[in-house]
Amino acid sequence: MKRLHLPLLILILSGIALGIFYHKAVNLGFPLLPAQQTDNWVVEARVSFEPTGGAVTARFFIPENPPGMALLEEHFISRGYGLTTTPTGPNREAVWTTRWPSGPQAVYYRATVYPLEQPRADQVPYPGPVAQPELEEPYRSAAEEVVQKVRERSADITSFATVLVRDMNHPADENMQLFVSATDSDREKVRTAIQLLAGARIPARMAHGIQLTDRGNDLQPESWLEVHNTRSWVAIDPDDGTVGYPDDFLVWWRGDTPPVRLDRARDAQVRFSVTHNYQNAVEVARQKADLLDSRMADFSLLELPVQTQNMYRVLLLVPLGAMIIVLLRNVVGLQTFGTFMPVLIALSFRETSLLGGIILFSLIVSLGLAIRFYLEKLKLLLVPRLASVVIVVILLMLALSILSHNLGIEHGLTVALFPMVILAMTIERMSIVWEEHGPADTLRQGIGSLAVAAVCYLVMINPYIDHLFFVFPELLLIVLALTLLLGRYTGYRLTELVRFRAFGGGER
């Protein structure tokens, strides 16, 4: 059981991280790329009317769970009006009320919608077969004949409705011509189709929506047919019988009723306007989380103050740099001064640039190492010697900054960003290695430290990695799992394979 403890821990950490990552990326839509934008549509309806005296009530149908679309946010603009929203059958309506209106009135409804990548499951139960309409002759016999001919050329409810709509648009016999004419509008076609479908006991209803067109003004609602196939409502285009709504179609309300109902007012007019909008994908994902009542966004770094966010953008990359050091030391075999010193130096390189940082680091360490050898001759104790090295490092940094400023070399001013304590400890460690193992080992470990710091720097400045770890900090659990996995590695390092290749050749 002890042997399985670490593998199980690694699997648990990875599973938790991937589960949270999948939920945020797929369900909530957090972007995987930096500066990613999501396209959405801003739809505005202007409802105007003329009061006739007394308190006014204006009822207006508004979208609710439109097929293929989701409401991101909505606003009601109506000064001096009370507002409530209530469900009304298959629709939702906004109710504006005011007691003493004066002059022409106008209220606005504005919604931001975005297309769903996966269609929403229809939860409306099957309403059951509908009653046949009561028609007089010759309409009753003609309707029966139409239903019979359509049934012979269809296989199910959806295909029945499709064939019926196509026959209505191209009436080939006198029976269909009794119900349709070439001048019928889409609304009239849908009304007739619902009547004929009722003759086949098929439930159907009328739907109205807006074709989303960028910078569209004064758009007119389009009428569609919806039939229930015992599992869900299926949309049918009344013009050609096509199944399913277009991707850029917003269903606004359902039923054979006007969208506006007025009390003590008249001359209702509705004008629809649409514009295509682009919004930061992170902000859209946060709004989606609010709509879904997901608490995941509340515990994200995006809720922190901006200053704190900027700090964590750097700190979250330190574990990644530490894992890279573990990989390069334990698997590759590079030697460095200390374990985390290259990560801290890499963080400094983020401000100094890579080449300038390497030059400044090498210069300070070289000068500091020379002074450290001088301090060795003074026979100081450990703590005073370290304190002296720190003071010398600060003086060197100060001197380099002043000199570079006078020479017009602005990169030299960034030397103050180096961690002075780490530089002092690096100088102390290098002097000890120099004394115990000689200059060759010291140079080898110094070059290894700079190489590891350069690799960490190149990874940590990558904007994609920076974005992923900031938006999905749960990925640190995967970094932890990989670090634990590398902690059990006891095989040969790559540098050792190069060193011992002569032995392998000899055995052959």
Side-chain angles (χ1 to χ4, degrees), residues 1-28 30 32 295-296 299-302 304 308-309 311-350 419 421-422 425-426 429 444-445 448-500:
M1 186 63 184
K2 292 183 178 180
R3 299 179 60 183
L4 295 177
H5 181 78
L6 182 60
L8 288 176
L9 178 60
I10 293 174
L11 289 176
I12 291 173
L13 292 174
S14 302
I16 294 174
L18 292 176
I20 298 175
F21 177 81
Y22 178 85
H23 174 67
K24 292 174 66 175
V26 177
N27 298 333
L28 301 182
F30 278 89
L32 300 178
R295 304 293 296 176
M296 192 68 66
F299 296 96
S300 71
L301 295 173
L302 301 170
L304 298 177
T308 308
Q309 290 184 30
M311 179 183 66
Y312 276 107
R313 281 188 178 274
V314 177
L315 292 181
L316 288 175
L317 298 177
V318 173
L320 181 61
M323 188 199 72
I324 294 174
I325 291 177
V326 172
L327 177 65
L328 295 178
R329 283 174 62 97
N330 290 18
V331 179
V332 178
L334 290 180
Q335 298 180 11
T336 63
F337 289 117
T339 304
F340 300 107
M341 185 273 289
V343 178
L344 299 177
I345 297 300
L347 291 176
S348 302
F349 287 169
R350 288 167 57 95
V421 176
I422 296 300
M425 296 300 295
T426 301
R429 180 68 181 274
R444 186 182 304 111
Q445 293 188 31
S449 298
L450 285 178
V452 172
V455 173
C456 294
Y457 164 80
L458 293 175
V459 173
M460 294 164 67
I461 66 167
N462 189 295
Y464 300 101
I465 295 177
D466 181 282
H467 170 81
L468 282 177
F469 277 85
F470 182 74
V471 178
F472 305 98
E474 59 274 6
L475 294 177
L476 289 179
L477 294 178
I478 295 181
V479 174
L480 176 59
L482 292 175
T483 303
L484 295 175
L485 183 63
L486 291 173
R488 282 290 184 90
Y489 180 76
T490 57
Y492 285 107
R493 298 169 181 173
L494 297 180
T495 55
E496 292 175 341
L497 294 177
V498 175
R499 288 173 56 195
F500 299 138

* To do: Under the side chain to side chain contact (heavy atoms under 4.5 Å, CB included) rule, what do Met460 and Asp466 come out as? Steps first, then yes or no, please.
  => CA-CA 7 Å; Met460 294 164 67; Asp466 181 282; over 6 Å; no
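Taking CG of Leu485 as the start and CD1 of Ile10 as the end, the distance is 4.5 Å to the nearest 0.5 Å. Here the OH-CG distance, from Tyr489 to Leu327, works out to 10.0 Å after rounding to the nearest 0.5 Å. Interatomic distance, CG of Leu317 versus SG of Cys456, reported as 10.5 Å (0.5 Å rounding). Taking CG of Leu482 as the reference point, atom CD1 of Ile324 lies at 11.5 Å (rounded to 0.5 Å). Distance check, rounded to the nearest 0.5 Å: CZ of Arg444 to OG of Ser449 gives 12.5 Å. One finds the CZ atom of Phe472 at 11.0 Å from the NE2 atom of His23 (value rounded to the nearest 0.5 Å).
Other residues, nucleotides and ligands contribute at most 12 non-hydrogen atoms within 6.0 Å of the OH atom of Tyr312.
Looking only at distances, a side-chain donor or acceptor of Lys24 sits under 3.5 Å from a matching main-chain atom of Val471.
The two residues Glu474 and Phe21 come nearest to each other via the heavy atoms OE2-CA, 3.6 Å. When all heavy atoms of Leu486 and Val326 are compared, the pair lying nearest together is CB-CG1, 3.8 Å. Residues Phe469 and Leu316 come closest through the heavy atom pair O-CD1, 3.3 Å. Listed here is the closest heavy atom pair of Gln445 and Thr336: OE1-O, 3.7 Å. Scanning all heavy atoms of the two residues, the minimum distance from Leu9 to Leu484 falls at CD2-CD1, 3.9 Å. Annotation for Ala17 and Ile478: closest pair CB-CG1, 3.5 Å, computed over non-hydrogen atoms.
Side-chain contact between Tyr464 and Leu32 is absent, with no heavy-atom pair separated by less than 4.5 Å.
With Pro342 as reference, Ile325 is the one residue of Ile325, Leu334, Val455 to meet the side chain to side chain contact (heavy atoms under 4.5 Å, CB included) rule.
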